[in-house]
Amino acid sequence: MKDGFLKVAVSTPELRVADCTFNIGQMIKKAKKMAKKGVKLLVFPELSITGYTCNDLFLQDTLLSGAYEALVKYVEATKKLPMVSVLGLPLEVNGRLYNVAAVVNEGVIKGIVPKSTIPNYGEFYEARQFASGENAHGDIITPSGWEDAVDFGTNLLFCDYNTPEFCFAVEICEDLWMPAPPSCRYAEAGANVIVNLSASDELTGKAAYRRELVRNQSARTVSAYLYADAGEGESTTDMVFAGHNMIVENGVLLAESKPFAEKKDLITEIDLGRLKNERRRMTTFPLQPDPEENDYKILLFDTGKKEEVKLTRKFAKTPFVPSDKKNREERCDEILNIQAVGLAKRLKHTGCQNAVIGLSGGLDSTLALLVTVRAFDRLGLDKKGITCVTMPCFGTTDRTYDNAVNLARELGTVLREVDIKEAVTQHFRDIGQDIEKRDVTYENGQARERTQILMDIANQTNGMVIGTGDMSELALGWATYNGDHMSMYGVNCSVPKTLVRYLVQYYADTAKSKKLRDVLYDVLDTPVSPELLPPENGEIAQKTEDIVGPYELHDFFLYYMLRCGFTPTKVFRLAVYAFEGDYTAETIYKWLDTFCHRFFRQQFKRSCLPDGPKVGTVSVSPRGDLRMPSDASDALWKEELDRIHKSLV
C-alpha cells in the first residue's frame, strides 16, 4: 500500500438458498479472482454462506453444520491469499443463535462479530431465529475444524500488522439504520474502514434512501464504508433483493452497483492517507487515545508486504468544480450568493452605498462586478452606486477594453475611464525607470497606479473598493503587493481560477439579456492576462498560463496540498494519473515545482489579505484555513521534488 491507497472489493456471488457447499464454492472463486487483482479487503453480504432468506431453516442443525463446514473450507482454501475476507453466516454460541460476520485471514479466523440490532417488523422477523449480539463479548470455543478459541463480540477492531493505518470494524445491515450505529463508536475507537454485510430488500425509493444513509454515515465517521448487499439469488417468496453494493469514502460514492444490475462486484481503491489527514485536521473528531482502555480488542492480521496499488478510481482534473451539470449549476448559484451576502453585510455594516471596481474585461473583475450587482440587488441599492473604472495602459487591447465598457453599461453601472499611460510614464521618469525596460517595475508600476486611482475614486464617491483577485493567484503570489493585492473587501479571495470560469459561465447562461450574454461569453473566450506588456499585432502578448503554468494544474496542486495535506510525491502521482494524455510527467513536475516554490515564497502577500468570504473547503486567508509563517522553509518539499526529478531523468 503506497501513498495510502488500499484496493478493496465487495461482492455478491451467485447464491442458492441453503446450499452452503455451492455458495462457499462461489465465494472461494471470487476470493481467488480478487486476490489476483490486488484486493486486500473483500466483503460478502449478510449470511452469505447460507443465504439470508432461509427463515426457520436457520433452526435446523443440518444447515448450521453445513455453514460451519463451509466456513472451514473457505479458511483452508484462502489461507495463502494475501487478503482479509469478511463472510456472513449463522453461528450458535452457548445455546443462542447469532447472525455473524467472520473475519478470515491467512487460514485463521481472526474474529467473529455478531449483529447487534435484530429487526422484528414488517417483512423482517429475524428475532424469531436470532439473538442480539450487542452485549455478547468474549472468546468462544469454535466448532470442530477450528483449532483455537476465537474472539467474539461487537468490540473488535481489525488492524493490519504491516499497515497500522488500515483498521476496520464490522456492522451488519440493520445496525446502520439505528440512531447511533455501532460504526460511530468504532470510528471513535480508530477504525477508518467500516464494512457492512447487508441483506436489504428492494422497495420503491429505498435504493436512494440507502445510498444517502451509507454516504452520510461514511461522512460523519470520516471513514471508507464498504456495503455488501444480498442479491437476486435470495428467495423471492416475500421479498426481492437487488445486490445494491457501494464503496464510499468520506461521503463520496466511489463505486456502486445499481440495483438489479448484472455486475455485482465492485473493486476500487480507498485512500487511507486522505482519511487520516481529514481526521487529523478535524480536532473535534472524538478519537480515543487508547481504545483498549475502553474495552475494545485489537486483532491483527497480515495482507502481505506494502506494494504500489494500481489506481483505477477517478480523480477529477478540476476538484473544485462538480462534474455533474446540475450539481455544478446549484453550486455556482450558491457560491454567488455567498459572495454577494458577504459583500452586502459589509456594505450594510459600514453604511456604504457605493462600490468601486477596476474593470479590466477579464474573468476575475467580471465576476467581482457580477457579485457586486447581486449584492446591490439584495440591499435594494441603485446600481448607479457601482462605479466601474477602466484604466487602459500599455498592454490594454481593444477586445478587453470593449468588453469592460459593454459589461458596465449592460449591468446599469457607472463607467469611468482613466487612461493611466501619462501618469505611469511620469512616475517612471520620477524614479528613473527606462520605459523601454519591460521588467517587474514596468509591470507593477501600472498595477499600483490602478490601485491608487481606485482608492481615491472610492474616497470621492464615499465608496468601497471591491477586490477582484482569485485564490489561485493568491496561492501563486501572482498579485502586485499593494497593487491588485489590496482592496477593502475581496469577493473572489477563496474562488479558484477554474471555478471563476464556471461562475461567469453560469451567470451568462442564465442572463436574460442577449447583449449581456454575448459580452460574458466573449470574456470567457479571452486568454487570462494581466495585460501589462504591449500587445502584439493588437492581440494579448502576455498570457498568464505561459508564465506561471496552467491554472487547471495549479488548482489541482492547491486542492490536494492544502485540502488533503498530501506530499509532493503523492500530488505528482495523482496529477500524472488524472491528466494522462493532457500533460507529460515532465511538464507536470515543472509546474508542481513552480507551484511549491511560489507558494512558500509568496506567503507574505497572503498574510495581510483584506477581508473576504470563504466559499469552499479551501481558503488561503490568514484568518481562516491557512495560518502559515511568511518565512517558512520549503526544504522538505524541495527534497521530495528533487527525488521526483531524479526518477524522471
Side-chain angles (χ1 to χ4, degrees), residues 6-17 23 26-27 29-31 33-34 37 39 41-48 51-53 85-88 122-124 171-177 181 183 193-219 223-271 311-316 322-330:
L6 178 77
K7 194 172 288 290
V8 299
V10 296
S11 176
T12 303
E14 185 180 352
L15 178 136
R16 296 176 185 170
V17 178
N23 296 339
Q26 297 300 308
M27 295 164 77
K29 289 180 182 178
K30 291 289 187 184
K33 176 183 176 181
M34 298 296 186
K37 294 184 177 182
V39 170
L41 172 61
L42 172 60
V43 186
F44 293 107
E46 181 179 11
L47 295 168
S48 45
Y52 177 78
T53 49
S85 308
V86 189
L87 306 79
E123 64 272 32
F124 296 102
E171 61 186 9
I172 302 176
C173 197
E174 192 76 9
D175 293 341
L176 172 62
W177 265 257
S183 49
V193 180
I194 305 296
V195 304
N196 187 315
L197 290 72
S198 183
S200 180
D201 66 326
E202 215 54 49
L203 301 171
T204 302
K206 191 174 182 180
Y209 179 84
R210 185 190 301 119
R211 182 184 302 110
E212 288 308 305
L213 191 65
V214 172
R215 288 182 60 196
N216 288 334
Q217 190 63 6
S218 168
S223 67
Y225 202 103
L226 279 61
Y227 187 89
D229 190 25
E232 297 173 46
E234 295 285 356
S235 170
T236 58
T237 300
D238 294 301
M239 297 176 286
V240 171
F241 297 83
H244 187 193
N245 294 331
M246 289 171 275
I247 299 176
V248 182
E249 179 185 285
N250 195 22
V252 178
L253 189 64
L254 299 182
E256 177 184 22
S257 60
K258 300 292 185 182
F260 305 108
E262 291 185 10
K263 183 181 177 182
K264 297 292 193 298
D265 293 345
L266 300 179
I267 304 175
T268 191
E269 303 80 42
I270 56 176
D271 189 349
L311 298 177
T312 60
R313 61 183 280 189
K314 292 182 178 179
F315 289 90
S323 57
D324 178 74
K325 183 179 180 181
K326 181 181 178 182
N327 290 338
R328 185 167 63 244
E329 290 177 348
E330 290 176 354

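All values below come from the heavy atoms of this structure, side chains included, with hydrogens, waters and symmetry mates left out.
Contact between Asn245 and Ser11 at its shortest, heavy atoms only, is ND2-C, 4.3 Å. The nearest pair of heavy atoms linking Val193 to Ser223 is N-CB, 4.5 Å. Across all their heavy atoms, Gly243 and Ser257 have their closest contact at O-OG, 2.9 Å. For the pair Ala199 and Glu46, the tightest heavy-atom approach, listed with the atom from each and the gap, is N-OE1, 2.9 Å. What you find for Ser218 and Gly251 is that their closest heavy atoms are OG-N, 3.0 Å. What you find for Phe44 and Leu197 is that their closest heavy atoms are O-CG, 3.1 Å.
Evaluation of the side chain to side chain contact (heavy atoms under 4.5 Å, CB included) rule for Glu232 yields Phe260, Lys264 as partners, not counting sequence neighbours. The salt bridge (Lys or Arg N to Asp or Glu O under 4.0 Å) check on Glu171 picks up nothing, with sequence neighbours excluded. For Asp271, the salt bridge (Lys or Arg N to Asp or Glu O under 4.0 Å) partners two or more places apart in sequence, or in a different chain, are Lys570. Take Leu213 and apply the side chain to side chain contact (heavy atoms under 4.5 Å, CB included) test, not counting sequence neighbours, and it matches Leu176, Trp177, Tyr209. Remark: Asn23 pairs with no residue by the side chain to side chain donor-acceptor pair (under 3.5 Å) rule, at least two apart or across chains. For Glu234, there are no salt bridge (Lys or Arg N to Asp or Glu O under 4.0 Å) partners two or more places apart in sequence or in a different chain. Checked against side chain to side chain contact (heavy atoms under 4.5 Å, CB included), Ser235 has the following partners two or more places apart in sequence or in another chain: Val17, Thr53, Thr237. Remark: Lys314 pairs with no residue by the salt bridge (Lys or Arg N to Asp or Glu O under 4.0 Å) rule, at least two apart or across chains. For Asp229, there are no side chain to side chain donor-acceptor pair (under 3.5 Å) partners at least two apart in sequence or on another chain. Partners of Lys258 under the side chain to side chain donor-acceptor pair (under 3.5 Å) rule, at least two apart in sequence or in another chain, are Glu256. Partners of Asn216 according to the side chain to side chain contact (heavy atoms under 4.5 Å, CB included) rule, which considers only residues two or more places apart in sequence or in another chain, are Glu212. The side chain to side chain donor-acceptor pair (under 3.5 Å) check on Glu269 picks up Lys7, Thr312, with sequence neighbours excluded.
Lys30 has no carboxylate O lying under 4.0 Å from a charged side-chain N of Glu14, or vice versa, which leaves the two without a salt bridge.
Note that the NZ atom of Lys326 and the CD atom of Glu330 stand 5.5 Å from one another [nearest 0.5 Å]. Thr236 OG1 to Phe241 CZ: the interatomic distance, rounded to the nearest 0.5 Å, is 10.0 Å.
Side-chain contact between Leu87 and Met27: present, with at least one pair of heavy atoms (C-beta onward) separated by less than 4.5 Å. Contact check for Asn196 versus Tyr225: side-chain heavy atoms found under the 4.5 Å cut-off. Taking 4.5 Å as the limit, every side-chain heavy atom of His244 sits out of range of all side-chain heavy atoms of Ser200. Residues Pro45 and Tyr52 form no side-chain contact, since every pair of their non-hydrogen atoms from C-beta on lies 4.5 Å or further apart.
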Practice prompt. Please report the C-alpha distance between Ile247 and Ile267 in whole Å, then the side-chain angles of each, then the deciding distance to 0.1 Å, and finally whether the side-chain contact (heavy atoms from CB on, under 4.5 Å) criterion is met.
Written response: CA-CA 8 Å; Ile247 299 176; Ile267 304 175; over 6 Å; no

